[in-house]
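So the structure is just underneath, and the comments pick up after that.
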Amino acid sequence: MAEVIKAPRGTRDILGEEVFLWQRLEEVVRKYALLFGYEEIRTPIFEHTELFTRGVGEETDIVQKEMYTFTDKGGRSLTLRPEGTAPVVRAYLEHGFSVHEPRVKWYYIGPMFRYERPQAGRMRQFHQFGFEALGFGEPACDAEIIHLAWMIYQELGLLDLSLEVNSIGCPLCRPRYIARLREYLAPLEDRLCENCRRRLVSNPLRVLDCKVESCQEVFGEATFPKIQDFLCDACRKHERELFTLLENLRIPFAVNHRLVRGLDYYTRTVFEIKVRHLGAQDAVGGGGRYDGLSQALGGPDVPGVGFASGMERIVLLLEKTTQPSFPFRVYLAPQDEAGEGVLLSLSRELVACGIPFHLDFATKSLKYHLKHAQRMRIRFVVIVGESERTRGVFALKDLASGEQVSLPLSELLARLRKERELC
RNA sequence: GUGAGCGUAGCUCAACUGGUCAGAGCACUGGACUGUGGAUCCAGGAGUUGGGGGUUCAAGUCCCCUCGCUCACCCCA
């Protein structure tokens, strides 16, 4: 056992009972996608590196230190996708949707990759589902995206959700706020952490959500300028309408003046949904409006709004609240080689009836089969040995009650069909 | 990238201040019960105690390095 190869750092296998939780999550996502009219899009796992440097932003942590970038044999620089929005917008532009069908609603489910130190709720390969509405500039669409996220979380039974919303303006008004923020922070610079002093130059908005205590104190003071006072008329109107719509949808939210996002493409609406009991990585989903992304990727001016959700984090929560449900199956336990033949034939009938089964073989004792069936959480076992064969019947044992009956084929199938319905 | 804690059988963990300490339970396989599970009992397989080096008469136990895991910072989903 000296040198077994293990899964790479930050990756893991999803198997056993946990798989049922993932399937449940995916079911709910697809259900709401259908209900809200979002169609699935599947984009490549890797893209040209440039898509992310231009789309996500050169200055972001994702681009600067978290990307899995490699050169292929043709000398191209490629990157394992660290997020889903830029690829979706790329596909939208590449296929000419901006011309022939400018308003689309899409969703995706799949793995993303970021080179980070693994931690609770943070993996190097992780999974997200996300919704994107391209071509929609209306605040109602922001509301729909948030509504959609909220509904999915509700359906999954996630408790203690909190929604925080903010606007980070647009290229018209944001520079004025940033200038004012710099002005305000300049005399307080010595109270800021080292990181923030650097951000003051490179990306002042990020100073707002710094978690260092000394920086928090600076913003605890009422005098710090809030972006809401600097929004242009259009951005202000957009924000107000969104708030009204969220109230009408009865989705509770809090305005967090210091919520900014780590990706450069956001404009106006940004939001984050957090949940308690998740440890340090408590953001279960987040998103916002990205009206500038299309142009950053060389396309026309196309508005867009969307959100993405971390699936590992949701599964972590589901593990605490949800019992995994096991599918109905029948265990086929042959007692000898001839019995294997009979059960193999039976499996054809089961397939025709749509009854799932697990066939094991006669090299094992009946004791083994019964134990094994129980461990697999299978309730019904069909046994075929010599005595069944000579009588032309199947023994059906119910492990829950211990009851066992001998039935001919037609009755066996009828009984199993009935049990499947009940289950 | 930074910090802290931890690495003993597939899993969960024992082994007092270094001295029969390489163990137990669960799981697995077989048997008691020659075709009947969840209980009990017995037996068995499986670990160069993550790897390497050092201190010592003696190291799972102390020191150093390395790898890995976990949590946190950071960042984000």
Side-chain angles (χ1 to χ4, degrees), chain A residues 1-12 16 56 60-66 81-85 109-130 149 153 193-196 199 203 206 209-213 259-263 270-275 278-288 306-317 331 333-336 339 362-389 395-404:
Chain A
M1 190 81 69
E3 287 295 317
V4 277
I5 298 172
K6 291 186 287 190
R9 185 166 167 78
T11 70
R12 57 190 216 96
V56 177
T60 60
D61 281 17
I62 290 179
V63 168
Q64 287 197 344
K65 47 191 193 195
E66 294 175 3
R81 63 181 185 194
E83 59 97 47
T85 303
I109 300 178
M112 306 292 165
F113 307 83
R114 292 184 198 172
Y115 189 87
E116 298 184 274
R117 286 285 282 270
Q119 185 179 332
R122 191 173 79 183
M123 300 293 284
R124 289 182 174 181
Q125 176 175 168
F126 62 105
H127 297 77
Q128 288 187 333
F129 67 84
Y153 296 149
C193 70
E194 198 183 323
N195 233 330
C196 284
R199 287 178 178 137
N203 195 353
R206 302 291 299 164
D209 70 346
C210 181
K211 281 147 198 111
V212 175
E213 211 171 307
L259 176 66
V260 294
R261 310 237 75 214
L263 290 71
V270 293
F271 66 92
E272 197 163 277
I273 298 174
K274 290 184 186 170
V275 66
L278 251 194
Q281 307 300 320
D282 61 353
V284 76
F307 90 104
S309 194
M311 297 175 74
E312 275 78 1
R313 292 179 187 181
I314 293 175
V315 169
L316 240 35
L317 295 166
Y331 189 105
Q335 291 311 291
D336 48 28
T363 47
K364 292 293 182 182
S365 65
L366 181 57
K367 187 188 184 109
Y368 165 88
H369 289 310
L370 293 173
K371 269 189 169 174
H372 199 217
Q374 185 181 311
R375 192 155 26 96
M376 293 175 75
R377 318 276 187 116
I378 294 177
R379 182 172 162 188
F380 293 98
V381 180
V382 175
I383 304 160
V384 174
E386 196 184 344
S387 72
E388 284 79 19
R389 276 202 316 285
L396 176 66
K397 186 175 176 76
D398 177 348
L399 290 184
S401 65
E403 166 219 20
Q404 183 169 327

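Note on naming: letters A, B, ... go to the chains in the order of the sequence lines (proteins, then strands), and numbering restarts at 1 for each one.
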Query raised in the report: When you compare A4(B) with G44(B), how far apart are their C1' atoms, in angstrom units rounded to a whole number?
Result: 43 Å

Report summary line: Value for CZ (Phe129(A)) from CD1 (Ile314(A)), rounded to nearest 0.5 Å, stands at 4.0 Å

Requested in this report: Return the orientation label for the Phe271(A) and Phe307(A) ring planes: parallel under 30°, perpendicular over 60°, tilted otherwise.
Outcome: tilted

Report task. Look at the side chain of Lys397(A) and the base of U36(B), then say whether one donor and one acceptor between them are separated by less than 3.5 Å. Result -> yes

Query - Interatomic distance, Lys65(A) NZ vs C73(B) P [rounded to whole Å] - result: 14 Å

Report task. Take atom CD1 of Ile378(A) and atom P of U36(B), then tell me their distance rounded to the nearest Å. Result -> 20 Å

**Report entry** Side-chain N or O of Arg375(A) closer than 4.0 Å to phosphate OP1/OP2 of C28(B)
**Finding:** yes

Report task. Tell whether Gln119(A) reaches the base of U70(B) with its side chain through a donor-acceptor pair below 3.5 angstrom. Result -> no

Requested in this report: Quick one: label Glu388(A) by what it contacts on the DNA or RNA (base, sugar-phosphate, nothing), any heavy atom closer than 4.0 Å.
Outcome: base

Query raised in the report: With respect to the side chain of Tyr368(A), which nucleotide from U29(B), A77(B), G37(B) is positioned closest?
Result: U29(B)

Query raised in the report: Got a donor-acceptor pair under 3.5 Å from the side chain of Ser365(A) to the base of G35(B)?
Result: no

Report summary line: Which of A77(B), G30(B), C73(B) is nearest the side chain of Lys364(A)? It is G30(B)

Query raised in the report: Within a reach of under 6.0 Å around CD of Glu386(A), are more than 12 heavy atoms found that belong to other residues, nucleotides or ligands?
Result: no

Query raised in the report: Atom CE of Met376(A) and atom NE2 of His369(A): how far apart are they, to the nearest 0.5 Å?
Result: 12.0 Å

Query raised in the report: How would you label the contact of Ile62(A) with the nucleic acid (heavy atoms, under 4.0 Å): base, sugar-phosphate, or nothing?
Result: nothing

Query raised in the report: Considering Watson-Crick and G-U wobble pairs with both distances under 3.5 Å, what does A24(B) pair with?
Result: U12(B)

Requested in this report: Please state the P separation for the pair G47(B) and U40(B) - nearest whole angstrom.
Outcome: 28 Å

Query raised in the report: How far, in whole Å, is U70(B) from C57(B) if one measures between their C1' atoms?
Result: 38 Å

Query raised in the report: Heavy atoms under 4.0 Å, any strand shown: does Gly287(A) hit a base, just sugar-phosphate, or nothing?
Result: nothing

Requested in this report: Write down the distance between CG (Asp282(A)) and C1' (C73(B)), rounded to a whole number of angstrom.
Outcome: 14 Å

Query raised in the report: How far does CE of Met123(A) sit from CZ of Arg9(A), to the nearest 0.5 angstrom?
Result: 10.0 Å

Report summary line: Ranking A77(B), G37(B), A72(B) by distance to the side chain of Arg117(A), first place goes to A72(B)

Requested in this report: Please answer whether the main-chain N or O of Ile62(A) pairs with a side-chain N or O of Arg114(A) as donor and acceptor at a distance below 3.5 Å.
Outcome: no

Query raised in the report: What about Arg379(A): does its side chain form a donor-acceptor pair under 3.5 Å with the base of G37(B)?
Result: no

Query raised in the report: Is any side-chain N or O of Arg9(A) under 3.5 Å from a base N or O of C67(B), one able to act as donor and the other as acceptor?
Result: no

Query - Atom-pair distance (NE2 on His369(A); P on G30(B)), nearest Å - result: 10 Å

Query raised in the report: Between A77(B), C71(B), G68(B), which one does the side chain of Lys6(A) approach most closely?
Result: G68(B)

Query raised in the report: Which is true for Gln281(A) with a 4.0 Å heavy-atom rule: it touches a base, it touches only sugar-phosphate, or it touches nothing?
Result: base

Query - Counterpart base for A32(B), defined by Watson-Crick or G-U wobble contacts under 3.5 Å - result: U40(B)

Query raised in the report: Between Gln404(A) and Met311(A), which is nearer to the 5' end of RNA chain B once each is assigned its nearest nucleotide?
Result: Gln404(A)

Query raised in the report: Now, which nucleotide makes the Watson-Crick or G-U wobble pair with C73(B), with each of the two distances under 3.5 Å?
Result: G1(B)

Report summary line: In whole angstroms, the gap separating C1' of C69(B) from CE of Met123(A) amounts to 11 Å

Query raised in the report: Expressed as a whole number of Å, how far does the C1' atom of G52(B) sit from that of C26(B)?
Result: 33 Å

Query raised in the report: Does G68(B) have a Watson-Crick or wobble mate here (both distances under 3.5 Å), and if so which one?
Result: C6(B)

Query - Minimum-distance nucleotide to Ser387(A) side chain [options: G35(B), G1(B), G37(B)] - result: G35(B)

Query raised in the report: Where do Ser309(A) and Val284(A) come nearest, in terms of heavy atoms and distance?
Result: OG-O, 2.8 Å

Report task. Considering non-hydrogen atoms only, spot the tightest contact between Val381(A) and Ala373(A) and give its length. Result -> CG2-CB, 3.7 Å

Query raised in the report: Across the strands shown, which category fits Gly285(A) at heavy-atom distances under 4.0 angstrom: base, sugar-phosphate, nothing?
Result: sugar-phosphate

Query raised in the report: Mind checking who A46(B) pairs with, Watson-Crick or G-U wobble, both distances under 3.5 Å?
Result: none

Requested in this report: Let me know the distance between CZ of Arg114(A) and P of G1(B), rounded to the nearest Å.
Outcome: 18 Å

Query raised in the report: Between G5(B) and G10(B), how far is it from one C1' atom to the other, in whole Å?
Result: 25 Å

Query raised in the report: Closest heavy-atom contact between Gln128(A) and Glu83(A)?
Result: OE1-CA, 4.4 Å

Query - Complementary nucleotide for U17(B) - Watson-Crick or wobble, under 3.5 Å - result: none

Query raised in the report: Which part of the nucleic acid, if any, lies within reach of Arg122(A) when heavy atoms closer than 4.0 Å are counted: base, sugar-phosphate only, or nothing?
Result: base

Query - Donor-acceptor pair under 3.5 Å, Glu116(A) side chain vs G1(B) base - result: no

Query raised in the report: Just checking Gly130(A): base, sugar-phosphate only, or nothing, at a heavy-atom cut-off of under 4.0 Å?
Result: nothing

Query - Rounded distance in Å between the P positions of C16(B) and A72(B) - result: 31 Å

Report summary line: Looking only at G35(B), G30(B), A32(B), the nucleotide nearest the Lys367(A) side chain is A32(B)

Query raised in the report: For Glu386(A), which contact category applies under a 4.0 Å heavy-atom criterion: base, sugar-phosphate, or nothing?
Result: base

**Report entry** Gap between atoms NZ and P, on Lys371(A) and G37(B) respectively (whole Å)
**Finding:** 9 Å

Query raised in the report: Separation of Arg377(A) atom CZ from G38(B) atom C1', in whole Å?
Result: 13 Å

Requested in this report: Sticking with atom C1', work out how far G60(B) lies from U49(B), rounded to a whole angstrom.
Outcome: 5 Å

Report summary line: Regarding the side chain of Leu366(A), the nearest nucleotide among U36(B), A72(B), G68(B) is U36(B)

Requested in this report: With C1' as the reference atom in both, quote the distance from C11(B) to U34(B) in angstrom, rounded to an integer.
Outcome: 34 Å

